Amino acid sequence: MNGQTEKIGVDNGAGRGGIDRLLYWRRYPASLHAAFYLMLAVLVFFAFYPPRQAEGNLATEVVWKLWWPGLSFLLLAAGRVWCGVCPFGGLSDLAARLRRPRHAPPGVIRKAGPWLGVVSVFLFGIAFLALGLEGNAAATGVILVGMAALAFGLSLAWKGRNFCRYLCPIGMITRVYSFFSWMRVRGGGGRRPAMACPVGQSPASLRQPSQCHLCGACTKGGSAGVRTFTGFAGARLPARTEFGRVEATLSIVMLGLMAADSVRMTPLFARYQRGALPWFGFNYRLSVIVGVAALTALLLASFALASRLLARRPGGAESVFRSLGFSLLPLTFGVFMALALQHLWSGAWPSLQTIAAESRLLDWTGHMPPEDVYFVSIPLKIIQFVFLAVGLGWSLRLADRTLQPGREKPGPVPLEVAPHKSGATSLKRPVILLAAGGISFLFLLPMSGAC
Amino acid sequence: MKRFILMSRQRVLLLAIAAIALAVISAGGCGEEAGDVEFPEFVYRSEESLEGYRIAAANQDVLEQIPCYCGCERDREKYQNLKDCFYNRETGDFDEHAASCAICLEEARDVEQWQDEGLSLKEIRDRIDEKYQDRGTPTDTPPVE
């Protein structure tokens with residue numbers, strides 16, 4: 001995403017410090033993959049096996065109540081490091097070693113690739129909300145098996161980590177949000193050619209650091225592999241960013257999905273379902289799908305309309321749309337973190353109890369559900385609003401600095417980010433403030449941990 | 001023209017993937033209308049909750065003879081059987097307890113499934129006791145004769 005690899009933060013030094021030590025370890029990521037294969041197998045087994053002692057299922061507790069909210073904090077601290085050790089990426093590498101396919105995926109897949117990622121994120125969000133994955137062990141098992149089969153199968157058929165590159169929703173989310181990570185990646189430089197990158201990047205120059213999966217392929221054999229360094233991007237904004245229509249759409253789709261997830265945690269959701277279900281033949285999932293899709297479509301249409309109104313000359317709307325989507329990214333990341341915290345705050349301890357009970361480490365004697373599942377915790381709300389406020393502040397800063405309406409350029413040129421706020425208040429500010437206002441209203445309401 | 005064809009193919013591919021996936025996700029989500037019963041809002045919190053309360057509304061007599069294993073027996077005056085997790089003993093109104101209790105909802109689903117399979121009340125009770133005995137202390141529900 002960041003076109004120009006400006007030096008931000010502190011270099012780890014000679015590519016061997018901090019997480020580089022892990023990246024350049026000769027058994028990375030194979031040995032970690034082995035551990036995660038085992039964990040994946042255990043989770044899939046328990047997903048299709050009813051709980052023996054506890055209330056919840058081991059697989060759903062680990063995947064959705066611990067790993068998923070924990071991933072956002074890992075993303076903040078260490079970027080796409082999960083993509084490096086993810087068992088699905090490992091299965092892709094394993095398939096590639098078994099068959100060594102020579103051909104890249106067909107053109108139609110490569111060209112549709114970025115949009116496939118957006119569709120995949122949207123469908124993943126819909127599945128999460130409509131199927132209630134947090135409490136749906138069988139669906140969780142099917143999704144885990146399906147993702148593993150796709151990762152393995154697509155790398156048997158064509159060269160590269162195709163699932164990770166085109167289809168993985170988690171990869172797509174970590175890609176756009178790795179911009180906010182404390183740990184950042186840059187090209188290794190040097191003259192020695194780097195080993196082939198399974199996601200088609202050039203590890204020596206690495207024009208798009210957010211595309212790097214930290215799989216370690218380029219760090220083997222003494223080649224010019226990627227290096228990491230630390231420091232938040234907020235310290236200095238990148239001068240240019242290759243943030244296209246796809247990323248801008250994803251940014252708004254993420255806002256829609258997270259707004260829907262926020263609504264689901266408030267009493268508004270039950271009210272919506274009570275009113276909407278008769279319209280959908282009492283099909284609970286269809287009612288959720290239509291609600292989430294309508295909310296996301298409404299947001300996309302509003303942002304498209306705002307872009308058209310803000311563009312000062314014909315053909316400039318796309319550039320404003322990209323700029324708006326880019327400016328929105330910190331706010332959506334703030335919401336992402338606030339939601340993750342809500343899940344962890346209310347779900348982590350019961351999940352650990354469930355795991356202990358299922359492992360026979362705890363004698364489970366049942367529980368009494370809370371009198372009211374919707375709760376207000378002042379410390380939690382304060383932290384959540386800090387995330388939202390930081391995200392909003394950063395978004396407004398970007399809105400002021402990214403290409404102003406009237407100066408927009410059409411086409412796939414990188415967005416320009418001015419080093420300082422340029423004169424008049426950006427017209428994009430009201431759009432960002434409106435989005436932040438809607439989300440803040442939801443976070444003011446009492447929320448549950450999950451459904 | 002070639003570019004246009006490619007664009008169309010991409011759109012068809014994306015739309016096909018989205019349509020198939022949405023059809024798969026919504027399949028099986030078709031609930032039954034709960035007759036004339038008007039549920040309070042909290043029942044609509046999740047699909048499992050709505051299904052559980054629908055089963056409870058239709059099988060109150062059966063649930064009254066099934067113990068609950070979720071741990072609610074700690075409040076013995078309020079909870080004496082599975083029906084009490086769905087209906088308040090004192091007022092007869094719907095109780096919010098089961099809407100956020102996975103064990104109560106799972107038990108209700110099991111009761112309905114085993115009824116559909118033609119099991120007698122005693123057989124259902126025995127199966128419930130066998131399946132849930134490790135998951136909590138049961139309510140003090142009189143045995144089925």
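What you see is a predicted model, and the numbers here were worked out from it, not measured in a lab. Numbered from 1 within each chain, the chains take letters A, B, ... in sequence-line order.
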Run the salt bridge (charged side-chain N to carboxylate O under 4.0 Å, His left out) test on Arg54(B) and Glu112(B) for me, step by step, so that the C-alpha distance in whole Å, both residues' side-chain angles and the decisive distance to 0.1 Å come before the verdict. CA-CA 10 Å; Arg54(B) 182 189 58 73; Glu112(B) 189 186 51; 3.5 Å; yes
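The side-chain hydrogen bond (donor to acceptor under 3.5 Å, both in side chains) contacts involving residues 113-128 of chain A comprise nothing, where partners must be two or more places apart or lie in separate chains.
Interface residue Tyr374(A): only side-chain heavy atoms are found under 4.5 Å from chain B. Interface remark: Glu96(B) contributes side-chain atoms only to the contact with chain A (heavy atom separation under 4.5 Å). Heavy atoms of Ile289(A) lying under 4.5 Å from chain B belong exclusively to its side chain. Both the backbone and the side chain of Pro51(A) come within less than 4.5 Å of a heavy atom of chain B.
Expressed to the nearest 0.5 Å, how far OH of Tyr87(B) lies from CG of Asp95(B) amounts to 11.0 Å. Atom NE2 of residue His103(A) and atom CH2 of residue Trp158(A) lie 12.0 Å apart, to the nearest 0.5 angstrom. To the nearest 0.5 Å, atom CH2 of residue Trp68(A) and atom CG of residue Leu339(A) are 10.5 Å apart. The distance from the CD1 atom of Ile17(B) to the CG atom of Leu116(A) is 5.0 Å, given to the nearest 0.5 Å. To the nearest 0.5 Å, atom CZ of residue Phe94(B) and atom CZ of residue Phe39(B) are 5.0 Å apart. Between the CZ atom in Arg175(A) and the CD atom in Glu247(A) there is a gap of 4.5 Å [rounded to 0.5 Å].
Contacts with chain A (heavy atom to heavy atom, under 4.5 Å) involve these residues of residues 126-138 of chain B, listed by number: Asp134(B), Arg135(B), Gly136(B), Thr137(B). Proximity to chain A at a heavy-atom threshold of 4.5 Å picks out nothing from residues 59-66 of chain B.
Of all the listed residues (Ile109(A), Val119(A), Val118(A), Leu123(A)), the one sharing the greatest number of non-hydrogen pairs under 4.5 Å with chain B is Leu123(A). By number of non-hydrogen pairs under 4.5 angstrom with chain A, the leading residue of Val43(B), Leu14(B), Leu22(B) is Leu14(B).
Looking only at atom types and distance, the side chain of Trp279(A) has no donor-acceptor partner in the side chain of Ser287(A) under 3.5 Å away. No side-chain donor from either of Glu73(B) and Thr139(B) sits under 3.5 Å from a side-chain acceptor of the other.
Checked for salt-bridge contact, Arg285(A) and Glu47(B) meet the test: a charged N lies under 4.0 Å from a carboxylate O.
When the side chain to side chain donor-acceptor pair (under 3.5 Å) test is applied to Thr266(A), no partner is found at least two apart in sequence or on another chain.
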